[in-house]
Amino acid sequence: MAGYNSMNTLFSSLGSTSSNSGSSDMLGISYSDYASIKNGSYRKLVSAYYSKVENENQTASSSDIKDNKEKLNMIKDSADKLKDSAGKLLDKGKNSLFQTKVDEAGHSYIDYDEDKVYAAVKDFVRDYNDFLDSVSEADTVTLLRTAKSMVSYAKASDDVLASIGITVGSDNKLSVDEDKFKAASKASVQSVLQSTGGFAYQVKAKAATVSNYASDMAKRVSESSTQKNSSTASSSTSTSRDSSKTLAGIEDAADVAKSSLSKLRETGSKSLFNKVTQTGTDGVTTTDYDKDGIYKAVKSFIKDYNTLLDKTEDSNTKNIIQARKTMMNYVLAKKSELSAMGITIDSDNNLSIDETKFKGAAMEKVKNLFQGAGSLGAQIENQITKINGYAEMEASKSNTYNDNGSYTYNYTSGDMYSSFM
């Protein structure tokens, strides 16, 4: 690796910002940060530097292209292992690790073999950490972006994970405490590790995305290697209309909004709209909706919905703009119904909720608003999925292979590196 001075010169030429500590940044990484990263297993990458050195000093050979392909295949393999171990936790039916049982009073509850589930979680944690090590070796923004999204989700889920004995470390890796895990509520463990939209579900989805990207990139490296001697071959890049920072923000906001919406769309035994029986201080027993729980879930979704609108507002990507507009139109079409529930739409299309009015509304109507194939919840979920997909597609344009099989970088790398950890 080139000396510190040559690196300093390169990073300065690519642009730098000031950090909280006052030191200069290298593509969004402070010099003090870099020292710890270099010595740790979870490295922030300086691929733009390596790319420039390689492009200036040598022409990629077939062996170089093979190395690139091997690295991509290694990342794909680690992503597939993580996807598989997450899948085992998510399995339902006869292969499920979790069982719903009914006690003598007719109440359903979650049960499982603690040793068996703990072993599966240990495998999941191991594969998660191995994946982080593997993807940290990537030189492509697309892979880093998706990994960053996974890390961000883990950080956001820190409290929930801690409640079942899983800790997110300072290096972003997971660890599981056997005693705490086995002492945790079985219903909580099942919710975090098996429910749609839960932690294992999100990790599996992101691991699958990385696997697909790495597979496609490896194929493109091979194709580029085959074509590189063609006299008609030329460098090819494809750039996005949005910056990596904008797209990463959109993806994160879409993930969070979809997760909070999924809680309102959950059906069956986990539905927020199941009535609960409670006995008051006066000894009177009533069965009704958990209005406090429903209100908190709707309020959380509204906050995340507004954040998504904010993150997509300045997008220049046509498909994202259209999906955003369609989503807002669906909401506007329900303006009267929402208003009756205490949910209002302001001039910027942001939502707000009046707690008193909401809790006084018919919860059955609230349920119908979010659940069902043709509900507003289903329509919004569909557009959020589209926004997320379009953002991923645009982000993939940040990197393309040239005729030598080397990667080109079109996004502002500092945005990705500074947000990765």
Side-chain angles (χ1 to χ4, degrees), residues 90 92-93 96 98-103 105-111 157 160 163 185-202 254-280 284-306 308 327 330-331 333-345 351-385:
L90 292 164
K92 295 185 179 180
S96 177
F98 304 90
Q99 301 89 39
T100 300
K101 297 183 178 181
V102 179
D103 62 20
H107 299 130
S108 61
Y109 65 97
I110 297 298
D111 194 18
S157 305
V160 174
S163 70
S185 160
K186 290 188 175 182
S188 297
V189 171
Q190 190 269 345
S191 178
V192 174
L193 300 177
Q194 192 192 41
S195 65
T196 300
F199 183 71
Y201 177 91
Q202 295 289 347
D255 281 339
V256 173
K258 190 171 182 179
S259 179
S260 59
L261 178 58
S262 69
K263 294 177 182 178
L264 290 164
R265 289 182 48 73
E266 185 82 58
T267 59
S269 63
K270 293 185 176 300
S271 175
L272 288 171
F273 295 96
N274 290 331
K275 292 184 178 181
V276 295
T277 299
Q278 296 178 324
T279 301
V284 177
T285 299
T286 58
T287 300
D288 200 357
Y289 291 102
D290 179 6
K291 294 183 179 181
D292 288 335
I294 296 172
Y295 167 73
K296 289 178 181 178
V298 173
K299 184 180 179 182
S300 178
F301 167 67
I302 285 175
K303 176 179 69 69
D304 296 336
Y305 174 88
N306 291 341
L308 180 59
M327 182 171 66
Y330 281 137
V331 174
K334 297 289 185 179
K335 185 175 182 179
S336 296
E337 292 177 46
L338 290 168
S339 179
M341 300 171 187
I343 300 173
T344 55
I345 308 169
L351 302 179
S352 60
I353 183 170
D354 181 284
E355 182 175 0
T356 302
K357 190 172 182 179
F358 179 83
K359 289 182 178 179
M363 289 298 110
E364 188 66 29
K365 290 185 177 180
V366 177
K367 175 182 177 180
N368 293 336
L369 189 73
F370 288 101
Q371 297 189 357
S375 66
L376 176 62
Q379 292 171 330
I380 293 176
E381 185 177 55
N382 186 36
Q383 297 310 311
I384 292 176
T385 300

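Although no hydrogens or angles enter the test, the distance criterion places a donor-acceptor pair under 3.5 Å between the side chain of Lys291 and the main chain of Lys359. Using a distance-only test at 3.5 Å, with no hydrogens or angles considered, a donor-acceptor pair links the side chain of Ser260 to the main chain of Ala257. In terms of modelled atom types and a separation under 3.5 Å, the side chain of Ser271 and the main chain of Glu266 share a donor-acceptor contact. Here the side chain of Ser259 pairs no donor or acceptor atom with the backbone of Val256 at under 3.5 angstrom. For the pair Asn306 (side chain) and Leu351 (backbone), a donor-acceptor distance under 3.5 Å is present. Thr385 contributes a side-chain N or O that, together with a main-chain N or O of Glu381, makes up a donor-acceptor pair within less than 3.5 Å. Although no hydrogens or angles enter the test, the distance criterion places no donor-acceptor pair under 3.5 Å between the side chain of Asn368 and the main chain of Ser375. Side-chain atoms of Thr287 never come within 3.5 Å of backbone atoms of Thr277 as a donor-acceptor pair (strictly under, hydrogens ignored).
Distance CG/Asp111 to NZ/Lys101: 4.0 Å, rounded to 0.5 Å. Here CZ of Phe358 is found 5.5 Å from CD1 of Ile343. Values are rounded to the nearest 0.5 Å. Residue Leu308 holds its CG atom at 11.0 Å from CD of Gln383, rounded to the nearest 0.5 Å. Between Ile353 atom CD1 and Leu338 atom CG the span is 9.5 Å, to the nearest 0.5 Å. Here the straight-line distance linking atom NZ of Lys365 with atom CD of Glu337 works out to 8.5 Å at 0.5 Å rounding. For the atom pair Tyr295 OH and Leu272 CG, the distance stands at 15.0 Å (nearest 0.5 Å).
Two residues are said to be in side-chain contact when any heavy atoms from C-beta on lie closer than 4.5 Å; Lys186 and Tyr109 fail this criterion. Proximity of Val160 to Phe199: side-chain heavy atoms (C-beta onward) are nowhere separated by under 4.5 Å. In this structure, the side chains of Arg265 and Ile380 stay at 4.5 Å or more apart for every pair of heavy atoms. Counting heavy atoms from C-beta outward, Lys263 and Ser195 have side chains that stay 4.5 Å or more apart. Within the 4.5 Å cutoff, the side chain of Tyr305 has no heavy atoms near those of the Ile384 side chain.
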### Task
Show your reasoning for whether side chain to side chain contact (heavy atoms under 4.5 Å, CB included) applies to Val276 and Asp288.
CA-CA 6 Å; Val276 295; Asp288 200 357; over 6 Å; no
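When all heavy atoms of Ser96 and Gln194 are compared, the pair lying nearest together is OG-NE2, 2.9 Å. Of all heavy-atom pairs between Leu264 and Ile294, the closest is CD2-O, 4.5 Å. Closest of all the heavy-atom pairs between Leu193 and Leu90 is O-CD2, 3.6 Å. Ala361 approaches Ala340 most closely through the heavy-atom pair CB-O, 4.1 Å. The two residues Ser352 and Thr344 make their nearest non-hydrogen contact at OG-OG1, 2.7 Å.
Among Lys367, Lys275, Glu364, the single residue meeting the side-chain hydrogen bond (donor to acceptor under 3.5 Å, both in side chains) criterion with Tyr289 is Glu364.
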